[in-house]
Amino acid sequence: MPKFYLTTPIYYPSGKFHIGTAYTTTLADCIKKYKQARGYDTYLLTGMDEHGQKIQQVALNNGKTQQEHVDQMAEEAKKLWELMEIDYDDFIRTTEERHEKKVEEIFDRLMEQGDIYLSEYEGLYCMPCETYFTPTQLVDGKCPDCGREVKKMKEESYFFNMKKYADRLIQFYHDHPDFILPESRKNELFNNFLKPGLEDLCVSRTSFDWGVKVRKDPKHVVYVWLDALTNYITALGYLSEDDSLMKKYWPADLHIVGKDIIRFHGIYWPIFLMALGLELPKQIYAHGFIMMKDGKMSKSKGNVIYPEPLIERYGLDAFKYFLLREMSYSQDGTFTPESFIERFNFDLCNDLGNLLNRTIGMINKYFGGEIKKYPTKVSEIDKELEQFASGTITQVEQYFDTYHISNAISEIWNLVSRTNKYIDETAPWVLYKEEKTEELQSVMYHLVENLRKIAILIKPFMVHTSQKILDQLSIDEQLQTWDSLKDYDKIVDLKVTSKPEVLFARLDMEKEVEEIKRMMK
Ligand code: ME8
């Protein structure tokens, strides 16, 4: 069985997770479920990035010890992932012993082999990002990542010799054109950071102590990014007695990250791995941001929307559908209450929900709910629909395989629309009136067959809706698998439910928009 190791970033426990943060995990979970359906032995890692000055300060502000704060946040994160049915295999926390011990060892080793050396650092520091910048990297004198004020700081620090590995990394980029996705972000990284030449990276701090201490010089704590990035290997038991997971799953097949942290993953992480003599991950995909009408989500703007109330009111499947559909492969996505309700009403209720309801209603009315077997008489238009569906499957697989999830979903919805149109074209009510039984049987067969396919295709992101469709149509278990998508004539002796259940009930636009605005306050 081929393996597929994928990771989300490990999250900062600095505040409640909004829908933007939830997007990364939703995407990762969808890709995992797709890969599983395709027969991969998958392993999904997520977790928490619990060290650093920012966390120390948040804990202090909340009147808690750092440990109390991160413990509570880890519980909250796990609760959210449970609500969102994120099927992760491990949840690593950087304050766990299994991680801290290995970070100490890694740091020691990099020092011993001369990749890390002691010097002094003077620079412009952005505290929320825990990153030093050179004056030229600033944008309007402020942090290029978050736009906040930077502070002049000087400290004795350990440095990582990035220059030593820069050429090897440039070569790696050339040899692996798909290493960083999407291409636009790879070009950005290459042109803005690699080409001008890398600076050595400051990898320790003395200004606070909430972190992994450098074993041989404990007034220093390890830079949070060096600490955090290694989670992808410490979770697999790197340098441990039992490193069977490491042997099995490393290198990672896919690191999923947001665009704001691609520099750390696309430059520093590969170089750390080279220094450790480990293989580099196969791919790193940096997605865009979920934006609001008035820009980034922020508490001060009062435009933050959290996953819980949306899921509670509209269901998990509608929530995931919206996020994954709205965020394109290489651009940002936008959340507005209006677009959320529109997608719910049009895509889910009108297009998909109605297709199922009309189909079940007609089979009950015309054939007592029964479909016997593949029709004896198949018209041109039926065949054309079969071809359309098989084209959709090929396209959807291609899109899923290259992480173009929004495009994959659009393709599936094209099939939904095409199938709705097929009902209008074949006018089953006329065939019934004219007693064209064989033709009518074929139309009903093809409707059920397409709904079966649609249900399988949406399963990676709409598990419940998928199962409801398959159950209401009483599809045999063997015909619920991804492999069975290539079949088109295997349905026999099927009886649909006589009491169809509405998948998505139409919402009142005005009322629900108000409701979502209330959630944002
Ligand atoms: O970056 N839309 O953690 P984090 C989409 N601890 N994605 C968003 C987003 C938005 N509006 N806001 C945040 C960290 N994200 C580090 C990672 S990994 C070794 C260390 C994404 O909690 C963001 O891009 O700040 C990142 O991928 C994830 O949420 C966690 O962000």
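In what follows, residues are counted from 1 in the order of the sequence shown. Atoms within each ligand, like the ligands themselves, are counted from 1 in listed order. Computed from a prediction, not measured in an experiment: that's the story for all the values here. The basis for the numbers below is simple: all heavy atoms, side chains too, and nothing from hydrogens, waters or symmetry mates.
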Indicate every side-chain donor-acceptor pair of residues 514-521 with a distance under 3.5 Å to a residue at least two apart or in another chain.
unit_1: Glu515; atom_1: OE1; unit_2: Arg518; atom_2: NH2; d: 2.8

- Query: Can Lys35 and Asp253 be counted as an ion pair, charged N to O under 4.0 angstrom?
  - Reply: no

- Task: Anything with a heavy atom under 4.0 Å from ligand 1 counts, so go ahead and list those protein residues by chain and number.
- Result: Pro9, Ile10, Tyr11, Tyr12, His18, Gly20, Thr21, Thr24, Asp49, Trp225, Ala228, Leu229, Asn231, Tyr232, Val257, Gly258, Asp260, Ile261, His265, His287, Gly288, Phe289, Ile290

- Task: Give me the ring orientation class for Phe160 and Phe272: parallel if the planes are under 30° apart, tilted from 30 to 60°, perpendicular past 60°.
- Result: perpendicular

- Which salt bridge (charged side-chain N to carboxylate O under 4.0 Å, His left out) pairs, counting each pair once, include a residue from residues 56-74, with sequence neighbours left out? Asp71-Arg93

- Query: Between Trp482 and Phe400, how do the two ring planes meet: parallel, tilted or perpendicular, split at 30° and 60°?
  - Reply: perpendicular

- Message: Going by salt bridge (charged side-chain N to carboxylate O under 4.0 Å, His left out), name the residues that satisfy it together with Asp200, two or more places apart in sequence or in a different chain.
- Response: Lys163

